[in-house]
Amino acid sequence: MNNPNYSEETAIARSIAGHEDGYRYLLEKYKTYAFTIAIGIAKNEENAEEIVQDAFIRVFKNIAKFKKGGKFSTWLYRIVYNTSLTRLKGRRSIDTRSLNEPENYELDIPDNYANGFDNLVSSDKIAFVNKAIENLSEYENLVVTLYYANECSIIEIAQITGWNTSTIKTRLYRARQNLYVELSRLLGNETKDIR
Amino acid sequence: MKKLNFNNQCSEDDEKLVKLLKTSIGQAPSEQFTERTLEKFMVFKTKQKNVHKPLKSPLYMMLIIGLILLIPVFLTLTSQIPFPDSRFRLENISFQLDAWYILSTILLLLVLMGVVWAELSVPKFFKTQ
């Protein structure tokens with residue numbers, strides 16, 4: 001795996017041929033991204049790990065069917081997303097509210113966020129952002145994870161989730177807006193604690 | 001007010017938070033995750049290798065034998081046709097039917113043995129020894 005010539009294409013070809021090093025490469029490369037998607041939906045580490053494990057096994061079972069022109073990450077994330085939903089269906093209802101598309105995607109930033117967030121030390125900023133993301137809904141969490149952490153485009157998110165592009169943009173906009181609100185609330189609590 | 005862009009790049013006014021989102025999101029599964037997943041998949045692969053897949057060819061052979069067995073019945077029905085050869089006269093027909101059924105039974109037994117051989121994976125058994 002440390003071989004610089006060992007690319008993702010090589011790993012896929014080796015996996016199709018049934019070689020363990022191919023599976024290992026794909027697992028190591030994508031486990032964190034896949035786990036981040038699953039935990040955003042499952043909200044529980046143990047369940048998320050089971051979901052990701054099931055998703056990877058499904059991927060390896062069907063790897064010969066993977067289309068060469070496609071993007072492996074998009075295919076994997078779609079399977080992780082579907083596996084997460086299948087697990088979720090048994091326990092909770094899925095948010096199917098219709099979304100009104102905002103006229104302009106302008107984010108309203110609370111005052112105390114603008115004044116307070118930049119003054120935090122780097123580690124606190126990360127802790128605050130992670131806490132705020134945890135408090136988003138499953139779909140807001142998912143769209144933020146796919147868009148920012150996994151660097152998927154709007155089109156790729158559409159392929160993974162099956163949502164149309166305007167729904168994705170609206171969810172992303174709402175997620176960002178809620179993130180500001182959540183960060184502002186967390187900053188407010190922090191200030192209260194100091195007082 | 002900041003306008004959200006959809007090209008997944010850090011815009012100047014929103015750069016700090018977007019950079020944080022890109023770097024801070026990400027949770028890793030447990031350390032044993034890779035090994036556990038590989039182990040589970042390898043167990044599945046081994047099981048799949050040993051899964052018994054029934055052969056179709058013995059079924060087709062059985063059908064052919066069945067049709068061969070039915071031929072004497074048709075012959076009996078059409079036995080009123082005068083055969084020039086003495087062997088096909090009516091008084092000899094029961095002997096011919098007996099001979100036919102003995103031959104068919106032997107054929108059927110041979111096919112059954114073939115089925116048992118293939119289905120029980122006898123060649124595989126010897127290979128693994």
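First the proteins, then the strands, lettered A, B, ... as listed; each starts at 1.
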*Are A:Val52 and B:Met42 joined in one hydrophobic group, where the rule is that I, L, V, M, F, W and Y side chains link up if heavy atoms are under 4.5 Å apart?*
yes
*Hey, quick one: are A:Val181 and A:Leu172 part of the same hydrophobic cluster, counting side-chain heavy atoms closer than 4.5 Å, chains of contacts allowed?*
no
*Name the option with the most non-hydrogen atom pairs under 4.5 Å to chain B; the candidates are A:Ala149, A:Ala38, A:Ala34, A:Gly18.*
A:Ala149
*asked:* Using 0.5 Å steps for rounding, measure from the CD atom of A:Glu20 to the CD atom of B:Glu39.
replied: 10.0 Å
*CZ/B:Arg36 to CD/A:Glu49 distance, rounded to the nearest 0.5 angstrom?*
5.0 Å
_Heavy-atom proximity to chain B below 4.5 Å, by part of A:Ile154_ = side chain
*Given the rule that I, L, V, M, F, W and Y join up when any side-chain heavy atoms are under 4.5 Å apart, are A:Ile79 and A:Ile16 in one cluster?*
yes
*Where do B:Leu21 and A:Ile133 land on the side chain to side chain contact (heavy atoms under 4.5 Å, CB included) test, with the steps shown first?*
CA-CA 9 Å; B:Leu21 287 172; A:Ile133 288 169; 3.7 Å; yes
*Would B:Phe33 and A:Leu27 satisfy side chain to side chain contact (heavy atoms under 4.5 Å, CB included), going step by step from the backbone distance to the final call?*
CA-CA 9 Å; B:Phe33 175 80; A:Leu27 268 166; 3.8 Å; yes
_Need one label for A:Leu183: side chain, backbone, both or neither, based on atoms under 4.5 Å from any heavy atom in chain B._
side chain
*Check whether any side-chain heavy atom of A:Phe60 sits under 4.5 Å from a side-chain heavy atom of B:Lys45, and report yes or no.*
no
_Count I, L, V, M, F, W, Y as connected when their side-chain heavy atoms are under 4.5 Å apart, and connections chain through other members. Are A:Ile155 and A:Tyr81 then in the same cluster?_
no
*Examine whether an atom of A:Leu179 lies under 4.5 Å from a heavy atom of chain B, and if so say whether it belongs to the side chain, the backbone or both; otherwise answer neither.*
side chain
*What option among A:Val144, A:Ile126, A:Thr145 has the most heavy-atom pairs under 4.5 Å with chain B?*
A:Ile126
*Looking at side-chain heavy atoms only, is the closest gap between B:Lys40 and A:Asp54 below 4.5 Å?*
yes
*Any chance you could measure B:Leu38, atom CG, to A:Gln53, atom CD, to the nearest 0.5 Å?*
10.0 Å
*Around A:Tyr33, counting heavy atoms of other residues, nucleotides and ligands shown, do more than 12 lie under 6.0 Å from its OH?*
no
*CD of B:Gln32: more than 12 outside heavy atoms within 6.0 angstrom?*
yes
